[in-house]
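Lettering of chains follows the sequences in order, A, B, ..., and the numbering in each one begins at 1. Here the structure is a predicted model, which means the values were calculated and not measured.
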Amino acid sequence: MLDIQLLRTQLDTVAERLASRNFVLDVVAFQSMEDERKTLQTRTQELQSRRNSLSKQIGMLKGKGEDASAVMAEVGGLGDELKSCEEQLGALQTRLNDFLARIPNLPNEAVPVGKDESANVEVRRWGTPRVFDFPVKDHADVGEPLGLDFDMGAKLAGARFSFLKGGMARLHRAIAQLMLDTQTGEHGYTECYTPYIVNPDVLFGTGQLPKFADDMFRVERGGEDGQTQYLISTSEISLTNMVKDCVLKAEDLPIKLTAHTPCFRSEAGSYGRDTKGMIRQHQFDKVEMVRITKPEDSYVALEEMVGNAEAVLQKLGLPYRVVALCTGDMGFSAARTYDLEVWLPAQNTFREISSVSNCEAFQARRMQARFKAETGKNELVHTLNGSGLAVGRTLVAVLENYQQADGSVVIPDALKPYMGGLEVLKPQA
RNA sequence: GGAGAGGUGGCAGAGUGGUCGAAUGUACCUGACUCGAAAUCAGGCGUAGGUGUAAGCCUACCGUGGGUUCGAAUCCCACCCUCUCCGCCA
């Protein structure tokens, strides 16, 4: 959420900066709601103030045993207008809050301006794509004889689900283990195990609600009419919201958290994209990194987190590039984002495998996550998140980059300790 | 699922219709004392918002949402959460 003061004082500048990320701010609607709010709120508070002081008088008079009926009559006359003012103000504030809640974050000044992904800026590359002396297969074709079963996924749950068995399932687990061990053992993140089902206010905190409800899976409890809950679409949600409604001590910062969780996405609106294979699934695993920092530390933290994600790709020997997203390509909550794109030989291109973002105070404001600053004032923290990495897509990259002419896949050295002696995945006869 | 207890400021903990935004303790900050620290003493110390150049003034907030009332932390209704015991259960 943006600071409403910023909208009040610099509406045009804000609108301009939002336009760079393809968001049209309805300046007229905001202005008229604000004008109405101002008069309504002033009037309501005036009336409340009047009622409070008269009521106090009644208390005092009655305490002394004197007649209070004249004052009671006066305060009684306030009732109707006060009630209507309070109702109107409440309704208006709901509208205003909803309006605010749907505005994306402002891009940081450093972000390259551009309309879509074609304006993203490559920052660096690592590794050299392998040269194959046989026809390269994509991961679906490589994986099928090795235990990657899309038909079984479809049978059990429909399209965009997969079923892994044998060495393939083991490889998937090994990848997650390597990532988690790297982030906890080498980069100082605290390992967490979190709920996969969360409450709506938690999704509001990180920005998935109210605008992106269609991207989520909703769940309801059997046998009860309770509040609707949601499956997490990333553990960024459950990790970041740890500090929701908190006033942290300055010395508690930075907080560095990681978790390996499944992620659930309805993928509404992505029909026809990446329908084949494991690139875009309704359920996938991810090792997530989250940092909660002081505002002045967040951009150093962002660069570090990109490095933390890169470390995993380097261990696996997978070529990749780092891309700075342009204004038009960033997610709703991000002020600055780097994507890591891994080399996929079958597609002969780089594909996103990690996204690392600094949300600055955008999520913190929604969550009311603050810390006690040196000045004694409570200040909003900055929140950052990034994949370290997406497990399913890493599996895809390993299958494609390590495939052999005979249809087998060599296990990268870094994964061998996690594979129980298995060094090659071989097609089952 | 059944029975019971409870949710108040960073924490602990009073408060059952009227100067209660809330005693007290503790933590924290400032000052005094001290060579310094501890102890002691004095003062300060919640959050969000409105308005104002500012000092300030005003509003809301005692789990959440409704209701009763001139007035609600306090009374009524619904819900949520935590804890204890019993039942069921991986």
Side-chain angles (χ1 to χ4, degrees), chain A residues 1-9 30-31 33-101 193 195-205 209 219-230 238 241-253 255 292 361 364-381:
Chain A
M1 199 144 65
L2 299 182
D3 185 356
I4 193 165
Q5 301 294 353
L6 198 65
L7 284 155
R8 285 179 184 148
T9 54
F30 177 77
Q31 200 58 261
M33 279 192 282
E34 257 299 283
D35 292 344
E36 200 186 334
R37 191 222 93 230
K38 206 163 176 168
T39 51
L40 208 49
Q41 182 166 0
T42 311
R43 181 65 186 149
T44 305
Q45 292 187 351
E46 245 173 54
L47 289 167
Q48 285 171 330
S49 171
R50 186 95 189 110
R51 178 202 61 198
N52 289 347
S53 68
L54 290 174
S55 290
K56 265 182 189 170
Q57 277 183 39
I58 294 170
M60 280 192 291
L61 288 171
K62 289 205 166 171
K64 286 188 236 161
E66 291 172 24
D67 175 40
S69 56
V71 186
M72 283 177 75
E74 189 182 349
V75 76
L78 262 43
D80 287 346
E81 190 189 353
L82 180 56
K83 196 170 180 189
S84 114
C85 277
E86 280 176 340
E87 275 167 10
Q88 286 179 59
L89 183 62
L92 180 63
Q93 239 138 20
T94 304
R95 270 203 296 147
L96 202 51
N97 285 339
D98 189 64
F99 181 86
L100 269 181
Y193 172 82
Y196 303 154
I197 297 175
V198 295
N199 293 327
D201 58 323
V202 164
L203 292 175
F204 180 87
L209 288 183
V219 293
E220 268 152 41
R221 263 183 235 200
E224 298 179 28
D225 294 329
Q227 162 183 256
T228 299
Q229 295 180 304
Y230 294 83
S238 35
N241 275 285
M242 272 190 78
V243 297
K244 176 171 138 59
D245 294 321
C246 284
V247 180
L248 302 158
K249 295 188 190 123
E251 61 263 33
D252 293 338
L253 300 174
I255 295 172
I292 315 293
R365 189 171 292 106
R366 296 169 85 97
M367 295 189 294
Q368 281 303 304
R370 294 154 297 172
F371 74 104
K372 188 73 77 180
E374 284 75 6
T375 57
K377 289 271 176 218
N378 292 340
E379 266 186 61
L380 294 168
V381 297

> Is the closest side-chain heavy-atom distance between A:Arg37 and A:Arg95 below 4.5 Å?
Replying inline: no
> Starting at CE of A:Met72 and ending at P of B:G18, how long is that distance when rounded to a whole Å?
Replying inline: 15 Å
> Using purine N1 to pyrimidine N3 plus N6-O4 or O6-N4 for Watson-Crick, or N1-O2 and O6-N3 for G-U wobble, both under 3.5 Å, which nucleotide pairs with B:C45?
Replying inline: none
> Expressed in whole Å, how much space separates the P atoms belonging to B:U24 and B:A42?
Replying inline: 13 Å
> NA contact type, A:Leu54, heavy-atom cut-off 4.0 Å: base, sugar-phosphate, or nothing?
Replying inline: nothing
> Are more than 12 heavy atoms from other residues, nucleotides or ligands located less than 6.0 Å from atom CG of A:Asp35?
Replying inline: yes
> In whole Å, what separates the C1' atom of B:G7 from that of B:G65?
Replying inline: 16 Å
>> Nearest whole Å is fine: how far is B:C61 P from A:Gln45 CD?
In response: 12 Å
>> Can you see if the side chain of A:Arg37 gets near the phosphate of B:U51 - specifically, an N or O under 4.0 Å from OP1 or OP2?
In response: yes
>> Could you tell me how far B:A23 sits from B:C45 if I compare only their P atoms? Round to whole Å.
In response: 11 Å
>> Which residues pass the salt bridge (charged side-chain N to carboxylate O under 4.0 Å, His left out) test with A:Glu87, not counting sequence neighbours?
In response: none
> Would a 4.5 Å heavy-atom cut-off, applied to side chains only, mark A:Phe371 and A:Ile292 as touching?
Replying inline: no
>> From CG of A:Leu89 over to C1' of B:A48, roughly how many Å is that when rounded to an integer?
In response: 14 Å
>> Counting only Watson-Crick pairs (N1-N3 plus N6-O4 or O6-N4) and G-U wobbles (N1-O2, O6-N3), all under 3.5 Å, who is the partner of B:C79?
In response: B:G63
> Expressed in angstrom and rounded to an integer, what is the separation of A:Leu380 atom CG from B:A48 atom C1'?
Replying inline: 12 Å
>> Categorize A:Gln5 for me: base, sugar-phosphate, or nothing, with a 4.0 angstrom heavy-atom threshold over every strand shown.
In response: sugar-phosphate
> Under 4.0 angstrom, heavy atoms only, what part of the nucleic acid is A:Arg370 near: base, sugar-phosphate, or nothing?
Replying inline: sugar-phosphate
>> For A:Met33, is the CE atom crowded, meaning more than 12 foreign heavy atoms sit under 6.0 Å from it?
In response: yes
>> Expressed as a whole number of angstroms, how long is the span from A:Gln48:CD to B:C58:C1'?
In response: 10 Å
> If each of A:Gln41 and A:Arg51 is mapped to the nucleotide of RNA chain B with the nearest heavy atom, which maps nearer the 5' terminus, i.e. the 5' end?
Replying inline: A:Gln41
>> With a 4.0 Å cutoff (strictly under), does any side-chain N or O of A:Ser49 reach OP1 or OP2 of B:U59?
In response: yes
>> Does the structure show a Watson-Crick or G-U wobble partner for B:U51, both distances under 3.5 Å? Name it, or say none.
In response: B:G56
> Between B:G49, B:U19, B:C70, which nucleotide has the shortest distance from any of its atoms to the side chain of A:Met60?
Replying inline: B:U19
> Using the P atom in both, what is the distance from B:G13 to B:U8, to the nearest Å?
Replying inline: 9 Å
>> With rounding to the closest Å, how many angstrom separate the P atoms on B:C61 and B:U19?
In response: 15 Å
> What does B:C70 pair with, Watson-Crick or G-U, if both distances are under 3.5 Å?
Replying inline: B:G18
>> Side chains of A:Glu36 and A:Gln88 only: does a donor on one sit below 3.5 Å from an acceptor on the other?
In response: no
> With rounding to whole Å, what would you report as the distance between B:G31 and B:C20 at their P atoms?
Replying inline: 32 Å
> Nearest-Å distance, CG (A:Leu92) to P (B:U59)?
Replying inline: 21 Å
> For atom P, what is the distance between B:A73 and B:G18, given to the nearest Å?
Replying inline: 11 Å
> Do A:Leu100 and A:Leu7 have side chains that get closer than 4.5 Å, going by heavy atoms?
Replying inline: yes
> Once you round it to whole Å, what is the distance between P of B:G63 and CG of A:Asp245?
Replying inline: 15 Å
>> For the C1' atoms, the ones on B:C79 and on B:C29, what distance do you get once it is rounded to whole angstrom?
In response: 41 Å
> Whom does B:U26 pair with, Watson-Crick or G-U wobble, provided both distances fall under 3.5 Å?
Replying inline: B:G10
> In the strands shown, is B:G36 matched to any nucleotide by a Watson-Crick or G-U wobble pair with both distances under 3.5 Å, and which?
Replying inline: none
> To the nearest angstrom, how far is A:Lys372 atom NZ from B:C45 atom C1'?
Replying inline: 9 Å
> Does A:Arg43 put a side-chain nitrogen or oxygen below 4.0 Å from OP1 or OP2 of B:U59?
Replying inline: no
>> Are the side chains of A:Leu96 and A:Asp98 in contact, using a 4.5 Å heavy-atom criterion?
In response: no
> Does OP1 or OP2 of B:U51 have a side-chain N or O of A:Lys38 closer than 4.0 Å?
Replying inline: yes
> Mind checking who B:G1 pairs with, Watson-Crick or G-U wobble, both distances under 3.5 Å?
Replying inline: B:C86
>> Below the 4.0 Å mark, does B:A60 have OP1 or OP2 next to a side-chain nitrogen or oxygen of A:Asn52?
In response: yes
> Toward the 5' end of RNA chain B, which comes first, A:Lys56 or A:Thr44, by nearest nucleotide?
Replying inline: A:Lys56
